[in-house]
Amino acid sequence: MKSEPASFICSAYSPEDFIIGGKPVVAFAGRSNAGKSSVINTLTGRRSLAHVGKAPGKTQSVNYYAIGSKLCFADLPGYGYAKVGKATIDAWSVLMEAFFARPDTVAFGILVVDSRHTPTSQDALMARYFAQSAKPWAVVANKADKLKKSDIPAAAAALRGALGAGADVPVTAFSCVNGLGKDEILQCIYRNVAR
């Protein structure tokens, strides 16, 4: 599936900066080292659209990107791993609570997790945020190229159970290295959002 043209719109450091109305927003959340920005770059076909840092925790705001003429991507602040101060972590928490408190900030959610590891309590909390939004969402099991092909189904099933994701939530093995899962996630987004 061909990627749409993509471009940076703005960074939101406070709820007043959130994009409300207009194009539907696909929100990407995940642990700081799960590869969230790399997933966005893979889906858009733009190597450096979302900044990928050597140290986890580079995303400290809600970063919005225009995807074609039909939707936006929102790269949410990472959590759980970044070596930053408590004040920064607290600010991220407040920003995320405000983001999910409004029903019109998200049209579709994508939770990016590392397919090799058991989800953290923060991953499970983010899954609950998406579930409680009453909007469709999906799990991207990233870094699947590091697993044996035969181990991928079991890893996906374990992720689904640990996150409490229902049968209606797609759990897709994904790789930014070889493109595994890219078409499936794009189709899922466009099927649910860009109609």
Side-chain angles (χ1 to χ4, degrees), residues 1-13 15 17-53 58-78 95-96 99-100 102-115 126-127 129-131 133-145 152 156 159 165 168-195:
M1 187 171 181
K2 187 177 179 181
S3 300
E4 295 279 355
S7 60
F8 174 76
I9 302 174
C10 67
S11 294
Y13 289 91
D17 300 326
F18 293 157
I19 293 179
I20 305 297
K23 298 176 184 177
V25 173
V26 178
F28 290 77
R31 189 170 163 85
S32 296
N33 61 343
K36 179 168 47 71
S37 296
S38 295
V39 168
I40 291 173
N41 291 340
T42 299
L43 291 174
T44 60
R46 294 277 306 277
R47 185 175 297 179
S48 58
L49 179 68
H51 183 76
V52 179
K58 276 294 187 180
T59 306
Q60 299 183 22
S61 57
V62 178
N63 295 325
Y64 289 95
Y65 304 93
I67 309 299
S69 61
K70 294 184 177 180
L71 57 88
C72 294
F73 282 179
D75 187 5
L76 305 183
L95 192 66
M96 288 302 87
F99 186 83
F100 283 98
R102 298 193 55 155
D104 48 359
T105 53
V106 181
F108 188 81
I110 292 182
L111 178 56
V112 179
V113 295
D114 189 325
S115 61
M126 190 58 67
Y129 272 133
F130 280 133
S133 74
K135 301 292 174 62
W137 62 290
V139 176
V140 165
N142 196 24
K143 305 184 183 183
D145 55 285
I152 290 176
L159 289 173
D168 59 326
V169 177
V171 178
T172 303
F174 195 93
S175 170
C176 298
V177 175
N178 59 28
L180 175 70
K182 175 182 176 180
D183 285 350
E184 290 87 341
I185 291 299
L186 286 174
Q187 289 167 4
C188 188
I189 289 171
Y190 284 98
R191 184 169 60 248
N192 284 281
V193 180
R195 297 174 180 173

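What you find for F99 and Y64 is that their closest heavy atoms are CE1-OH, 3.7 Å. When all heavy atoms are compared, the tightest approach of K36 to L76 is NZ-O, 2.6 Å. In this structure, G35 and K143 approach most closely via the heavy-atom pair N-CE, 4.5 Å. Shown here for A66 and K23, the closest heavy-atom pair between the two residues is CB-NZ, 4.0 Å. F130 approaches G109 most closely through the heavy-atom pair CE2-CA, 3.4 Å. Across all non-hydrogen atoms, the minimal contact from P77 to L95 is CG-CD2, 4.2 Å.
Side chain of Y129 to backbone of F100: no donor-acceptor contact under 3.5 angstrom is found. Judged by distance alone, with hydrogens and angles left aside, the side-chain atoms of K135 form a donor-acceptor pair with the main-chain N or O of V106 at under 3.5 Å. In terms of modelled atom types and a separation under 3.5 Å, the side chain of K70 and the main chain of Y190 share no donor-acceptor contact.
In this structure, the side chains of C10 and D17 stay at 4.5 Å or more apart for every pair of heavy atoms. Looking at heavy atoms from C-beta onward, V112 lies out of side-chain contact with S38 at the 4.5 angstrom threshold. Side-chain atoms of L186 and L43, non-hydrogen and from C-beta on, do get closer than 4.5 Å to each other. You'll find the side chain of I67 stays beyond 4.5 Å of the side chain of C72, heavy atoms only.
Checked for salt-bridge contact, R31 and D114 miss the test: no charged N lies under 4.0 Å from a carboxylate O.
How far CD1 of I152 is from OG of S115: 7.0 Å, rounded to the nearest 0.5 Å.
With sequence neighbours left out, the side chain to side chain contact (heavy atoms under 4.5 Å, CB included) criterion links V26 to F28, L71, F73, F108, I110, I189, V193. Applying the side chain to side chain contact (heavy atoms under 4.5 Å, CB included) test to S11 and every residue at least two apart in sequence or in another chain returns F8, Y13, S61, N63.
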Which side-chain N or O atoms in residues 170-178 pair as donor and acceptor under 3.5 Å with protein atoms at least two apart or in another chain?
from: S175; atom 1: OG; to: D145; atom 2: OD1; distance (Å): 2.8
from: S175; atom 1: OG; to: V177; atom 2: N; distance (Å): 3.0
from: S175; atom 1: OG; to: N178; atom 2: N; distance (Å): 3.2
from: S175; atom 1: OG; to: N178; atom 2: OD1; distance (Å): 3.2
from: N178; atom 1: OD1; to: L180; atom 2: N; distance (Å): 2.9

